[in-house]
Amino acid sequence: MARLMTTGTSAALLMGAAFLLLAAADASPYDYAGAFDKCLQFFEAQRSGKLPADHRVKWRGDSALTDGFSQGVDLVGGYYDSGDHVKFGFPMAYAVTMLSWGVLEFDKEMVAGAANNLQRALDAIRWGTNYFIKAHTEPNGLWVQVGDGDSDHLCWERAEDMSTPRTAFQIDINHPGSDVAGETAAALAAAAKAFRPYDSMYADLLLLHAKQLFTFADTFRGRYDDSLQGAKKFYPSESGYQDELLWAAAWLYEATGDEGYLRYVSQNAEAFGGTGWSVLEFSWDNKYAGLQVLLSKVLLEGGAGAGADTLRQFQAKAEFFLCACLQKNNGHNIKLTPGGLLYVDDWNNMQYVSSSTFLLTVYADYLAVSRGALKCPDGEVKPAEMIRFAKAQVDYVLGKNPKGMSYMVGYGSYFPTHVHHRGASIPSVSDVTSAVGCMDGFDKYYNSKGADPNVLHGAIVGGPDANDGFVDERCNYQHAEPTIAGNAPICGVFARLASEPADAASDNSPAPAYSRPPHDSSPSSKGSPLELVHTVSNSWTTNGVEYYRHVVTAKNTCGQPITYLKLHIKELSGPIYGVSAAKEKDTYELPPWLTRLGAGEQFTIVYIQGGPAAKISVVNYKTV
């Protein structure tokens, strides 16, 4: 696939443009089963503790084997949250909750269409839940962090060489943390339901801890980052703890069927913001959208009983979020990049793409079972159309984007190779056996321009900026760092799409809300080295102006490799991808990565604008 480089942007096109483009995605050529497998491999790369014999990430070794020992507790295990080596319990619990929800929704797909990776998914969950059991040493206490973020960030070293303090931090009745305790209860409850068909005794153990943690969280209320100041800088609980209390209760209801937990949700729905908050994100911090979708499932399945009216309020808020994703929410929509990616925040935006895509997918399936449709302010959306939008988001992640880059490391042939990740950037302990110190790590590896010696398979990095741009540099932590919280939701979506028939996106689904002009292939002009094939792949109207997405395929027909090419592009008014601007006005050259266009080879130019198509001609070229 051509690697497209941004040479211009247009702020006017940031809104509205891409929903129709993405909703009209064709049947995808992407290997979703392979992506699901790699997604789980990333969790193996993030493991802390004593690694099992079947560990697939061979460049990783055992690490942090004495965590908690100095404070009289065994906290060995769990996951490192991202490119560093702190074990933050809050995002780790959320990641386990989302992995478990994925298994609950897509277990059959994980067996049938995703290389039978159900067991590996359960293993990923168990690695987290085993750690939570260790961390829950008393009914009203939970160890929620190991390591100090400040000192950890001063070192660039492998987990196997760790020399930074491994201080552990606990919440208790005098230092409450209802948010992290509630999220851990939710994770254990969701995991209990996921394990129930395969290991009922383990499921019972998880439920015991989940119930105790929920009681602790509800009885001794408070934000964990008020009790643990060191967490405020890295994973602050900005939405408060009320969403986690409702979230935990909802998951305990799912796992037990105990109506008492559903009554708790109904009784506290208004006071805790569950039926009041209309949100535009779902994340490790803010659980409201996920809670609202989960409770909508209860309603759609007919299990609401006397609380049906309250659950309908939750459903209304869930549909606000989903319609906002689909750009059908009466202007109150989540922003989109020009290339069509949901865009919530510049820092690790892919985590929001991952979570939003998950909620769209599961809700579409809930509606399909109940034979319903999503009723948005700007029109009704059928389940198949929701899946098409979710699928297009996934395809963007895997490479169908203006840069032609997979934002999943190790997937495809063009992906980030300078990931902000200590273990990936430093040679394995099996290759360099001597310890790599803090400063040596920065000098030799963090600041190195060389590609990562270890491929962090399956890691989804923070992703592009608001204009679909991405700088593949290790220091670019806002965009080049992966997280377990970002990976966890989309893992299940990969499994779901792997079982989708190849033509499911087009069969029995609404026609896209734009007309696609017929393919226009014009022969190359006399003496031109290129055959230019022009299509319009999408159109939409914004503020009364009709815009078009133009795709031009330029094929070398001169019979010799082209080493230099200059194009003249007249009447261009919008952003263009796939060529680099030259010094002269309206002239463009091959992008820096394309130094040679072989005979018969082609590259792609994409531009967006209103009005007539731009006029492209060859000004000059050189051959070998």
Side-chain angles (χ1 to χ4, degrees), residues 14-15 18-19 22 81-82 88 90-91 93-95 97-98 101 179 182-183 186 223 225 234-244 246-247 250 272-296 314-337 340-363 374 376 386 389-390 393-394 396-397 407 460-466 478-479 481-490 492-493:
L14 291 178
M15 300 296 294
F19 165 66
L22 293 177
D81 78 300
S82 55
F88 291 103
F90 196 20
Y94 165 78
T97 305
M98 296 309 299
W101 196 356
D179 29 31
E183 182 59 65
R223 282 175 51 159
D225 56 351
F234 302 98
Y235 285 97
S237 182
E238 294 182 349
S239 69
Y241 58 78
Q242 292 89 346
D243 52 334
E244 278 83 21
L246 294 173
W247 178 243
F272 286 2
T275 56
W277 274 52
S278 298
V279 298
L280 295 176
E281 71 170 73
F282 174 44
S283 68
W284 55 265
D285 174 31
N286 192 323
K287 309 301 179 343
Y288 284 111
L291 165 73
Q292 292 154 358
V293 167
L294 182 63
L295 291 172
S296 297
F314 277 103
Q315 184 183 31
K317 298 302 182 182
E319 296 193 342
F320 176 95
F321 174 80
L322 298 166
C323 292
C325 291
L326 295 165
Q327 309 298 289
K328 288 183 174 291
N329 202 36
N330 194 29
H332 301 289
N333 299 317
I334 296 175
K335 293 180 181 179
L336 295 167
T337 69
L341 185 70
L342 290 167
Y343 194 81
V344 176
D345 196 295
D346 193 50
W347 195 321
N348 201 316
N349 182 65
M350 280 300 186
Q351 67 175 311
Y352 304 105
V353 176
S354 173
S355 58
S356 300
T357 301
F358 180 90
L359 294 185
L360 282 163
T361 303
V362 297
Y363 200 79
L374 179 62
C376 296
M386 296 173 68
F389 183 89
Q393 293 294 304
V394 170
Y396 187 111
V397 173
Y407 290 103
I460 297 175
V461 298
D465 61 24
Q478 289 188 322
H479 301 116
E481 185 173 19
T483 66
I484 58 173
N487 259 66
I490 205 170
V493 180

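Because only heavy atoms are used, hydrogens play no part in the values below, and waters and symmetry mates are left out as well, while side chains stay in.
- In terms of modelled atom types and a separation under 3.5 Å, the side chain of Gln478 and the main chain of Asn348 share no donor-acceptor contact.
- Across Lys328 and Asn333, no two heavy atoms sit closer than the pair N-OD1, 3.4 Å.
- Residues Leu342 and Leu336 meet the side-chain proximity criterion, which asks for heavy atoms closer than 4.5 Å.
- Interatomic distance, Leu291 CG to Tyr288 OH, rounded to the nearest 0.5 Å: 8.5 Å.
- Side chains of Phe321 and Ser356 form a contact here, defined as non-hydrogen atoms less than 4.5 Å apart.
- A 4.5 Å side-chain heavy-atom check between Leu360 and Val493 finds every atom pair outside the cut-off.
- Between Trp101 and Leu359, the closest side-chain pair of non-hydrogen atoms falls below 4.5 Å.
- Under the 3.5 Å distance criterion, the side-chain polar atoms of Asn487 are matched with a main-chain donor or acceptor of Ile460.
- The shortest non-hydrogen separation linking Leu341 to Pro464 is CD2-CG, 3.7 Å.
- Across all their heavy atoms, Tyr343 and Asp465 have their closest contact at CE1-C, 3.5 Å.
- Rounding to the nearest 0.5 angstrom, the gap separating the CG atom in Leu295 from the OG1 atom in Thr275 is 10.5 Å.
- Minimum heavy-atom separation, Asp179 to Tyr241: N-CB, 3.5 Å.
- A 4.5 Å side-chain heavy-atom check between Thr97 and Trp247 finds at least one atom pair inside the cut-off.
- Of all heavy-atom pairs spanning Ala318 and Ser296, the tightest one is CB-OG, 3.7 Å.
- When atom types are taken as modelled, the side chain of Ser237 and the backbone of Asp225 share no donor-acceptor pair closer than 3.5 angstrom.
- Between Met98 and Trp284, the closest side-chain pair of non-hydrogen atoms is not below 4.5 Å.
- Under the 4.5 Å side-chain criterion, counting only non-hydrogen atoms from C-beta, Thr357 is not in contact with Pro489.
- For the pair Asp285 and Tyr94, the minimum side-chain heavy-atom distance is 4.5 Å or more.
- Partners of Phe234 according to the side-chain contact (heavy atoms from CB on, under 4.5 Å) rule, which considers only residues two or more places apart in sequence or in another chain, are Phe88, Asp150, His153.
- A donor-acceptor pair is defined here as one N or O able to donate and one able to accept, closer than 3.5 Å; no such pair exists between the side chain of His479 and the backbone of Asn349.
- Annotation: the span from Cys323 atom SG to Asn329 atom CG amounts to 5.5 Å, rounded to 0.5 Å.
- Side chain of Gln292 to main chain of Gly274: a donor-acceptor pair is present (N/O by atom type, distance under 3.5 Å, no hydrogens or angles).
- For the pair Gly340 and Gln393, the tightest heavy-atom approach, listed with the atom from each and the gap, is O-NE2, 2.9 Å.
- Considering CD of Glu244 and CG of Asn286, their distance stands at 8.0 Å, rounded to 0.5 Å.
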Item to check | Test side chain to side chain donor-acceptor pair (under 3.5 Å) applied to Ser283 and Gln351, step by step | outcome: CA-CA 7 Å; Ser283 68; Gln351 67 175 311; 5.5 Å; no
